[in-house]
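Report on the structure given below.
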Amino acid sequence: MDDPIAVLAVTGIGTVVIKAAGPLLLGGSEMHPKARALIDMMAPCLLAALIAVLVFTREVEVVVDERSAGIAAGIVAMILRANILIVAGLAAITTALLRAWFS
Amino acid sequence: MSDQSARIPRRPLGRQALRVCTGGGGARHEQSQHMERSWSMVGSLLLPLLIPIVAFGLSFGTLAAEAGFSPAAATIMSATTFAGGAQFAAIAVLLQGGNVLIAAAAACLLNMRFVPMGLAISPYLTGGPLSRLLHAQLIIDETWALSHRNDGTYSIDVLRRLGISLWFCWVSATLVGALFEASIDIVALGLDAALPAVFLALLVPRLRTKVHVAAAGGAATITLLLVPVVPPGIPILVGGVIAAVATQQRQRHAT
């Protein structure tokens, strides 16, 4: 079947280019301070956007489901200064339990 | 490449590793002593990511087999693309009868967020073009987020070590999943909540000022507003960039 090979090739090449674009164009060189400040600000923004999508979306819908409760449990663990393993584990367990109860 | 952190950690390894990785709570010179990570430190950061990566890898292998991929093809895709979201998107398109170009386009759209991520990390990628190219392939959400220190710098050492470890786990899990069509029930185990929890734990120390909080909140809001209206992958890219630009603009007008 040719489709898998084709998809693999095109996606692979596209991804290599996408990931390498920044580093190949800018790698190791000094950026203008304003550009640098902008890019530095992108880190928390991108991270927040990523978290929002991972918690509050399903496909193309915005939803509040068991994951939100899981994250809330994780936040409680963070306030209590638990280590990251416990934060993640608590989020997973809470989500899993809620899913088990409600289905 | 010498390994300087041969000290025995006195605090719980997980939290110590997180502090070290996020560079929090110390003077600059103390932080430079943490520059080189020992494998045990990377290892303790690996664990909360390992389980989701293995689970998603198995799941991808299984799904790819369903879509007609041979185990070799599935494994090679994981090895070259190394981006879970994009890989799943491509397979989903194929399973719904879409053609190759649409599948690849969906995958690349989802990967677009790696452009600003790559830009953010590129000042720290010193070395020749080939080195930069290869290091860039290790950029995924997890390695990008974990190699980013609180003070805004990136540890290429963490990127490389964590990246290689996660890459290896991802590829292996794909192979096993494709060969045996075995998977872990991600939904039942709530693993899809574990990953954002890890990212949130990394984000919070970086929200140092109200400006950062506002920027993060803005990014999340814009992203969620865009999700129903634009293809997957675009919301994160646009939301993240717009929030950053808007914040910088307001900073400039304030000073």
Side-chain angles (χ1 to χ4, degrees), chain A residues 1 3-8 10-12 14-16 18-24 26-28 30-31 36-57 60-62 66-67 70-71 74-75 78 83-85 87-89 91-96 99, chain B residues 12 14-15 18 47-48 68-69 73 76-77 80-81 83 90 100 103-104 107-108 111 114-116 118-120 122 125-126 129 132-133 136-137 139 141 145 148 152 189-191 193-201 203 206 212 215-216 219-220 223-224 227-228 236 239-240 243-244 247-248:
Chain A
M1 198 177 182
D3 269 3
I5 310 282
V7 167
L8 178 166
V10 180
T11 305
T15 304
V16 168
I18 287 170
K19 286 187 182 181
L24 279 181
L26 287 183
E30 268 310 304
M31 272 191 273
R36 187 57 179 276
L38 175 65
I39 285 181
D40 284 345
M41 186 55 74
M42 273 203 248
C45 290
L46 282 171
L47 208 47
L50 190 58
I51 294 167
V53 166
L54 288 173
V55 178
F56 294 115
T57 70
V60 288
E61 281 182 319
V62 177
E66 296 88 352
R67 286 170 294 170
I71 288 291
I75 291 175
M78 282 194 279
N83 79 38
I84 200 169
L85 268 169
V87 170
I93 290 171
T94 306
T95 306
R99 282 178 174 151
Chain B
R15 204 199 300 185
L18 182 61
L47 205 54
F69 278 63
I76 292 174
M77 186 171 193
T80 52
T81 300
V100 168
C108 291
N111 282 344
F114 295 139
V115 172
L119 283 171
S122 45
L125 284 173
T126 54
R132 281 182 263 144
L133 178 80
Q137 300 315 307
I139 297 175
D141 301 330
H148 187 230
L189 290 177
L191 291 177
L195 208 53
V198 170
F199 290 145
L200 191 59
L203 173 65
R206 279 161 203 146
H212 287 85
T223 303
L224 289 177
V227 161
I236 295 178
T247 307
Q248 285 303 103

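Excluded from the calculations below are hydrogen atoms, water molecules and symmetry mates; all remaining heavy atoms, backbone and side chain alike, are included. We name chains A, B, ... by the order of the sequence lines, and we start the count at 1 in each one.
The heavy-atom pair separating A/Pro23 from B/Gly118 by the smallest distance is CD-O, 3.7 Å. Between B/Met77 and A/Val7 the shortest heavy-atom distance is CE-CG1, 3.9 Å. Considering all non-hydrogen atoms of both residues, B/Ala197 and A/Ala91 come closest at CB-CB, 3.6 Å. Taking all atoms of both residues into account, the shortest heavy-atom contact from B/Val100 to A/Ala6 is CG1-CB, 3.7 Å. When all heavy atoms are compared, the tightest approach of A/Ile71 to B/Ala193 is CD1-O, 3.9 Å. Here the closest non-hydrogen pair linking A/Ala49 and B/Thr223 is CB-OG1, 3.2 Å.
Ranking B/Ala216, B/Gly240, B/Pro196, B/Ala104 against chain A, the residue ahead of the rest is B/Pro196, based on heavy-atom pairs under 4.5 Å. Comparing A/Ala43, A/Ala21, A/Gly14 by how many heavy-atom pairs each has under 4.5 Å with chain B, the most go to A/Ala43. Taking chain A as the reference chain and counting heavy-atom pairs below 4.5 Å, the highest number among B/Asp141, B/Thr80, B/Leu195, B/Thr247 is found for B/Asp141. Counting heavy-atom pairs closer than 4.5 Å to chain A, the top residue among B/Ala107, B/Ala103, B/Pro228, B/Ala90 is B/Pro228. Highest contact tally toward chain B, considering only A/Ile93, A/Ile75, A/Thr11, is held by A/Thr11 [criterion: heavy-atom pairs under 4.5 Å]. Here A/Leu50 is the residue among A/Val53, A/Thr57, A/Ile39, A/Leu50 with the most heavy-atom pairs under 4.5 Å with chain B. When each of B/Ala83, B/Cys108, B/Gly152 is checked for heavy-atom pairs under 4.5 Å with chain A, B/Cys108 comes out on top. Most heavy-atom pairs under 4.5 Å with chain B, from the set A/Ala92, A/Gly70, A/Gly89, A/Ala88: that is A/Ala92.
Using a 4.5 Å cut-off between heavy atoms, B/Leu224 contacts chain A through both its backbone and its side chain. Both the backbone and the side chain of B/Ala220 come within less than 4.5 Å of a heavy atom in chain A. Of the atoms belonging to A/Met78, it is side-chain heavy atoms, and not backbone ones, that fall under 4.5 Å from chain B.
Considering only residues two or more places apart in sequence or on other chains, A/Ala20 meets the side-chain contact (heavy atoms from CB on, under 4.5 Å) condition with A/Leu24, B/Leu133, B/Ala136, B/Gln137. The side chain to side chain donor-acceptor pair (under 3.5 Å) test applied to A/Thr95 returns no partner, not counting sequence neighbours.
Applying side-chain contact (heavy atoms from CB on, under 4.5 Å) to B/Leu200 and the options A/Val55, A/Leu54, A/Ile51 leaves one that passes, A/Ile51.
How far CD1 of A/Ile5 is from CD1 of B/Ile76: 7.0 Å, rounded to the nearest 0.5 Å. To the nearest 0.5 Å, atoms CG (A/Asp40) and NE2 (B/His148) are separated by 6.5 Å. Distance CG/A/Leu46 to CZ/B/Phe114: 10.5 Å, rounded to 0.5 Å. A distance of 10.0 Å separates CD1 of A/Ile18 from OG1 of B/Thr81, quoted to the nearest 0.5 Å. B/Leu47 CG to A/Leu85 CG: the interatomic distance, rounded to the nearest 0.5 Å, is 5.0 Å.
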Show, in sequence, the C-alpha distance, side-chain angles and deciding distance for A/Val87 and B/Val198, and conclude whether the side-chain contact (heavy atoms from CB on, under 4.5 Å) test is met.
CA-CA 7 Å; A/Val87 170; B/Val198 170; over 6 Å; no
